[in-house]
Number of protein chains: 2
Amino acid sequence: MTRPRAQTRIQQKNSEAILEAALEVFSQSGFRGATLDQIAEKAGLSKPNLLYYFPSKEAIHAALIAGLLKVWLDPLRELDAGGEPVEEILAYVRRKLQLSRDFPRESRLFANEILQGAPRILEAITGELKPLVDEKSAVIAKWMAEGRLAPLEPHHLIFSIWATTQHYADFDVQVRAVLGHEDDRHFSQAEEALVILYRRTLTP
Amino acid sequence: MTRPRAQTRIQQKNSEAILEAALEVFSQSGFRGATLDQIAEKAGLSKPNLLYYFPSKEAIHAALIAGLLKVWLDPLRELDAGGEPVEEILAYVRRKLQLSRDFPRESRLFANEILQGAPRILEAITGELKPLVDEKSAVIAKWMAEGRLAPLEPHHLIFSIWATTQHYADFDVQVRAVLGHEDDRHFSQAEEALVILYRRTLTP
DNA sequence: CCTTGACTTGACCATATGGTCAGAAATTCC
DNA sequence: GGAATTTCTGACCATATGGTCAAGTCAAGG
């Protein structure tokens, strides 16, 4: 009877190192493009040792995706039906942009997955994301019906928020190349622009 | 002296079939994820025969990318400094959305490339895209200075247009899953929503 | 110190993959 | 029809890759 004892410090440390390395590699190359050797090297472990902590490449990827979904949905969950409509939407935009700035690799991991047809997370999307979006869309539609927001199809409004904010993580290379920036200063410019854009669009 | 004679019908037909198949595969799996066997099968050719027409996997990808850039930049080129500002921008939005609807694979090929750090097209971006964006941004800034457009940092305006329109191609799976659509009807809804969004944002 | 169990690794395997090559089949040209 | 040229293919190769395994190392408890 090997009952699972609490994670040892070594387990904790190495699992973290693996997931950190895997995030780096998967987000840059996609699932098929990533190799265990790359991940192992970045994690500072041997390949067999990787496979001591995770049973397969799939499992590493699955662990990352699982941890990702919650973080990715939370900003929308926080949209408060009781708040002031325009400010609630703007706060959501800011939270999403924040994620792009602070967790660009997670954003790209997600983008890679969707781009490739979402084979590993389609059920999570229809099972979790869709209901949440429908719920919040109803809230937004109500605000619009009450005249507290200018009318705009709520689903497409949400899509546009996802698109404009995630763009700064997913297309980071392009954004930097076009702006000619090295640093992250464009994020505050982006926030300013997006806040103006959505305020004008949504103020009744 | 084998001087290159004009392409035969067979060459024409097979090269096209290969590029068509490669577009399908590269756009779905990225460069590293795609395999010559997949491309060969989709093109209805044997792998050695593929390599009779193109010297390497790289070359096939390069041929696709080269053909892509022009199509991708043209809609922005058409932005006319002599036109009516708001309508010019809206026409640009419509053209970009049109591309997402009609050439989603090309959009995803591009997205894959950028996501993975744009190793094969970064120079094209800084060499062609950036100057074009800077030029058109100047036009837009001028319109804003003249009071013919509401002010908004032009580069970020353009980013937002790219993001919102390409989203419908790149994140197609997610869009469909959230909306629950099978068909393409959401494209006309998207156009309506984006036109409203940018009209409100930009009308002085 | 020594046993126990967690941790680590070199060597290895089967398969996939990009690419080559000699020659066969088709096509074109005279 | 037959030579010349283009098109095509089976067999093959070197390397990369996900994964296994037996045996080793190491840390902690007794």
Side-chain angles (χ1 to χ4, degrees), chain A residues 1-65 112-113 116 119-120, chain B residues 1-65 112-113 116 119-120:
Chain A
M1 263 308 172
T2 53
R3 82 178 59 170
R5 48 182 78 192
Q7 254 203 345
T8 68
R9 241 162 301 138
I10 293 181
Q11 272 168 31
Q12 166 104 23
K13 179 171 132 283
N14 283 346
S15 294
E16 267 173 30
I18 291 170
L19 289 177
E20 160 67 25
L23 175 59
E24 191 77 25
V25 177
F26 280 131
S27 70
Q28 228 244 344
S29 307
F31 183 77
R32 290 215 50 191
T35 74
L36 288 183
D37 289 290
Q38 287 175 65
I39 298 174
E41 199 196 350
K42 260 204 197 355
L45 299 174
S46 66
K47 187 168 60 165
N49 207 7
L50 262 203
L51 293 163
Y52 172 74
Y53 290 98
F54 291 88
S56 68
K57 185 182 177 184
E58 279 272 351
I60 300 176
H61 192 265
L64 278 179
I65 291 283
N112 253 308
E113 196 57 20
Q116 301 181 8
R120 281 166 277 271
Chain B
M1 264 309 168
T2 55
R3 83 179 57 172
R5 49 183 75 192
Q7 253 201 345
T8 68
R9 242 163 299 141
I10 293 182
Q11 270 167 31
Q12 167 106 21
K13 179 169 133 283
N14 283 346
S15 294
E16 267 173 31
I18 291 169
L19 289 177
E20 159 69 23
L23 175 58
E24 190 77 24
V25 176
F26 279 132
S27 69
Q28 228 245 344
S29 308
F31 182 77
R32 291 216 49 192
T35 76
L36 288 182
D37 289 290
Q38 287 173 68
I39 298 173
E41 199 196 348
K42 262 203 193 7
L45 300 173
S46 67
K47 187 168 60 166
N49 206 10
L50 262 202
L51 293 163
Y52 170 73
Y53 289 98
F54 291 87
S56 68
K57 184 183 176 183
E58 280 272 350
I60 301 176
H61 191 265
L64 277 179
I65 292 283
N112 252 310
E113 197 56 22
Q116 302 182 7
R120 280 165 278 270

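To find a chain, count down the sequence lines: A is the first, B the second, and so on, and within it residues start at 1.
Shown for residues 32-64 of chain A: residues whose heavy atoms fall under 4.0 angstrom of DNA chain D, namely A34(A), T35(A), L36(A), K47(A), P48(A), L51(A), S56(A), K57(A).
Residues forming a ring pair (Phe, Tyr, Trp, His ring centres under 6.0 Å) with F31(B) (at least two apart in sequence, or on another chain): F26(B), H61(B).
The side-chain heavy atoms of K57(B) and L50(B), taken from C-beta on, include no pair separated by under 4.5 Å.
At dC7(C), one or more side-chain N or O atoms of Q11(A) fall inside 4.0 Å of OP1 or OP2 (strictly under the cut-off). Dashed line: the shortest gap from a side-chain N or O of N14(A) to OP1 or OP2 of dA6(C) is not under 4.0 Å.
Summarising the geometry of K42(B) relative to A21(B), their closest heavy-atom pair is CB-CB, 3.6 Å, with the distance given to 0.1 Å. Considering every non-hydrogen atom in both L19(A) and A63(A), the closest pair reads CD2-CB, 4.0 Å.
The nearest whole Å value for the distance from the CD1 atom in I10(A) to the P atom in dA27(D) is 7 Å.
Residues E24(A) and Q28(A) bring no donor and acceptor atom of their side chains to less than 3.5 Å of each other.
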